[in-house]
Amino acid sequence: MSEEKSLNFIEEIIEADLAAGKYQSIVTRFPPEPNGYLHMGHATSICLNFGLTKKYPGYTNLRFDDTNPVTEDTEYVDSIKEDIKWLGFEWKNELYASDYFDELYNFAITLIRKGLAYVDDSTSEEIASLKGSPTEPGTDSSYRSRSMDENLDLFERMKNGEFEDGTRTLRAKIDMAHTNMLMRDPLLYRIKHAHHHRTGDKWCIYPMYDFAHGQSDSIENITHSICTLEFIPHRELYDWLIEKLEIFPSHQYEFARRNLSYTVMSKRKLLQLVNDKHVNGWDDPRMPTISGMRRRGFTPQSIRKFCDTIGIAKRENIVDFSLLEFCLREDLNNTALRVMAVLDPVKLVITNYEDDKTEDLISENGPDEAYGTRAIPFSKELWIEREDFMEEPAKKWFRLAPGAMVRLKSAYIVRCDHFIKDENGTVIEIQCTYFPESKSGSDTSEIKVKGTIHWVSAAQAISAEVRLYDRLFKVENPSSEEGDFKDYINPDSLQIIYAFIEPSLQNATTENRYQFLRKGYFCLDKDSSSEKLVFNRTVTLKDAWAKEVKK
RNA sequence: UGGGUUAUGGUGUAAAGGCAGCACAACAGAUUUUGAUUCUGUUUGUCUAGGUUCGAAUCCUAGUAACCCAACCA
């Protein structure tokens, strides 16, 4: 009795291919260029490609598309590998387009011998002007009719380093009047005297994307090469090269990249945010990078669930950020340890509690009994949340107010008798009496209260820095707004506060996730030390009262 | 003004000529020692105009809108 989950269009293609016996098993690949950090958009591609070969027989390669030495670096290779592993996926082979440089060079010679490629001495400006426009055909380069021998000779000399950068290129000979601009004699190789992160100074000519990607797919026997919509025009060239080279026929399929509301998702824009110091690096918890989200406290499960839920299609989209938050909270609710922390403290004094007494009260650690319990110190002076007291209570107010009663979570019911203000009118102390017989777990008081609030004992509380994050942008789709996307940055996306947290948190670890009761999910930040704890707010809890207040 | 791709509630995604479904969001209620969780229910949709058909989101015709393509980037 398997639940009937509908297939996305790529799964349909794969099932048809498998059913027709076209393939016995499939091979996919995740092909990042190592020139930046992975973000949520890559996560969809990773979940798709690796997910496919979990569902169907076959495997997925990790292939670094490193054909442009000036932008690429091993620093990125390492972070990409770390991010994929963290997301919970394993690649079959770790490969590099640069592994195929010799083979690619020979492919180019094959093309020249077939009269399908030529060396062009034109400058990039000349090439651009002869290219035509989408509505006008291009013009043949005057070098297009060079003899095969001359092409072979010049291409070899290009490889040998005889020419300066930009003085010559190798181009495919297709059709300068083609309606698809990419088929107008596309560049295959360019000269770059640059150091490559893997091949060093061995090469001074490097293949273009179009002459590397499809060929690498073919060399690896990739059956389904999945990319995003903007590569649709490339498919015609992809197929042309494979056909002329007579190599393994990989096929390209395209899906629409997923966009998330209230953020941006292009390497270029993310790089600007980092360079212009709008965020503190690629792993800033506000960034939609995998490393940023990891630091923020996202779990791999929640990201995988999200990718699975939004699915795959070919139309333009902006996914609600709230769906990501839902997937996050769903996972965190099941795993986070429950603790108490007061983010905006005000003193609460229990006037009828003994002055020097401290008692240990028992509180549950997690969402169910399996997580066990722990002892929390309770005493006469506590910190409670400032927003849990209202001098003049609103209607439907369940919390503290003069004369009102609430339960202190895992402790006693208290009644507010007095409060003290400073000269500015700010409440600085709330005085209560407690009901000893209302003790949590053995309550015989028969007092019913509607509200339960969290607290920490003032004497034992420890102080911690807490970083509260909000959305990075003020608008749903910063990229589609007038002017520069950076004009729409939310200036209040980071708020740093100092909170009182319960003493057990002294042993907090980065592996654990915590729910600060009634306040949200938090995780320990890497900036923490034994003297100073730093927590990141991953996401708030849903807040029905906040909605009520808005009305 | 050429070529390509796409159009289903506020959002994302199903329905391969036969009941427009699912999830998020929103709203209402129940439970609750977290105004959380959980549970129950409600609202909202096939781009437009024609046509074929017993029957159309799906097929046909004509429109409309959005996105992509003129880097020695990927």
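Protein chains get the first letters and strands the later ones, always in sequence-line order, with residue 1 at the start of each. If you're wondering where the values come from, they're calculated on a predicted model, not measured in any experiment.
With hydrogens and angles ignored, no donor-acceptor pair closer than 3.5 Å exists between the side chain of A/E254 and the base of B/U5. Side-chain N/O atoms of A/R518 and base N/O atoms of B/G35 include no donor-acceptor pair closer than 3.5 Å. Side-chain to base pairing of A/N180 with B/G4: no donor and acceptor N or O lie closer than 3.5 Å to each other. Between the side chain of A/S440 and the base of B/U33, a donor-acceptor pair under 3.5 Å is found. With hydrogens and angles left out, the side chain of A/H234 and the base of B/A74 share a donor-acceptor pair within 3.5 Å.
Using a 4.0 Å cut-off between a side-chain N of Lys or Arg and a carboxylate O of Asp or Glu, A/E33 and A/K267 do not qualify as a salt bridge. Using a 4.0 Å cut-off between charged nitrogen and carboxylate oxygen, A/R198 and A/E72 do not count as a salt-bridge pair. With salt bridges taken as basic N to acidic carboxylate O contacts below 4.0 Å, one links A/R63 and A/D217.
Two residues, A/N35 and A/E548, neighbour RNA chain B, and the one matched to the more 5' nucleotide by heavy-atom proximity is A/E548. Along RNA chain B, the nucleotide nearest to A/S322 and the one nearest to A/R235 differ in position, and the one closer to the 5' end is contacted by A/R235.
Among residues two or more places apart in sequence or in another chain, the side-chain contact (heavy atoms from CB on, under 4.5 Å) test is passed with A/I232 by A/L229, A/E254.
Distances from the side chain of A/E230 to the nucleotides B/G12, B/C68, B/G35 place B/C68 closest. In this structure, the nucleotide among B/A14, B/C69, B/G35 sitting nearest to the side chain of A/P233 is B/C69. Side chain of A/M208, nearest nucleotide from B/G12, B/U34, B/C73: B/C73. Among B/U37, B/A23, B/U5, the nucleotide with an atom closest to any side-chain atom of A/K314 is B/U5. Checking B/G35, B/G3, B/U34 against the side-chain heavy atoms of A/K396 singles out B/G35 as nearest. Side chain of A/L541, nearest nucleotide from B/G12, B/U34, B/A14: B/U34. Distance from the side chain of A/T452 is smallest for B/U33 among the nucleotides B/U33, B/A74, B/C67. For A/T309, counting side-chain heavy atoms from C-beta on, the closest listed nucleotide (B/A74, B/A23, B/G35) is B/A23. Which of B/G35, B/U33, B/A70 sits closest to the side chain of A/K409 comes down to B/U33. Side-chain proximity of A/K542 to B/A36, B/U34, B/C73: nearest is B/A36.
Remark: A/R329 is not in phosphate contact with B/A36, judged by side-chain N or O atoms under 4.0 Å from OP1 or OP2. Proximity of A/K192 to the phosphate of B/C73: a side-chain N or O atom is located under 4.0 Å from OP1 or OP2. Under 4.0 angstrom from either OP1 or OP2 of B/C27 there lies at least one side-chain N or O belonging to A/K547. The shortest distance between the side-chain N/O atoms of A/T135 and the OP1/OP2 oxygens of B/G3 is not below 4.0 Å. For B/C73, the OP1/OP2 oxygens have a side-chain nitrogen or oxygen of A/R190 closer than 4.0 Å. Of the side-chain N and O atoms in A/R268, none sit less than 4.0 angstrom from OP1 or OP2 of B/C73.
No contact: A/L408 has no heavy atom under 4.0 Å from any strand. Using a 4.0 Å heavy-atom distance criterion, A/G441 is classed as a base contact. Residue contacts shown for A/T71 are absent, as no nucleic acid heavy atom lies under 4.0 Å away. Residue A/S261 is out of contact with every strand shown, counting any heavy-atom pair closer than 4.0 Å. Heavy atoms of A/L182 sit nowhere under 4.0 angstrom from any nucleic acid atom. Nucleic acid contact class of A/S122 (heavy atoms, under 4.0 Å, all strands): base. Residue contacts shown for A/Y189 are absent, as no nucleic acid heavy atom lies under 4.0 Å away.
Taking the six-membered ring for Trp and the full ring otherwise, the centers of A/Y238 and A/F231 sit at least 6.0 Å from each other. Taking the six-membered ring for Trp, A/F101 and A/H196 have ring centres closer than 6.0 Å. Ring-centre distance between A/H234 and A/Y209: below the 6.0 Å cut-off.
Checking side-chain atoms of A/D65 against main-chain N and O of A/P34 turns up no donor-acceptor pair under 3.5 Å.
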Listing, residues 320-328 of chain A side-chain donor-acceptor contacts under 3.5 Å, not counting sequence neighbours, or none:
none

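One atom, CZ of A/R258, and another, P of B/A23, lie 19 Å apart when rounded to the nearest Å.
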* Structure fact -> Base-pair string, RNA chain B, Watson-Crick plus G-U, cut-off 3.5 Å on both distances, | for inter-strand, is .((((((..((((....[..)))).(((((.......)))))....(((((..]....))))))))))).....
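Under the salt bridge (Lys or Arg N to Asp or Glu O under 4.0 Å) rule, A/D120 has a single partner from A/R146, A/R168, A/R171, which is A/R171.
Residue ring and nucleobase are not stacked for A/F326 and B/A23 under a centre distance beneath 5.5 angstrom and an angle between planes beneath 30°.
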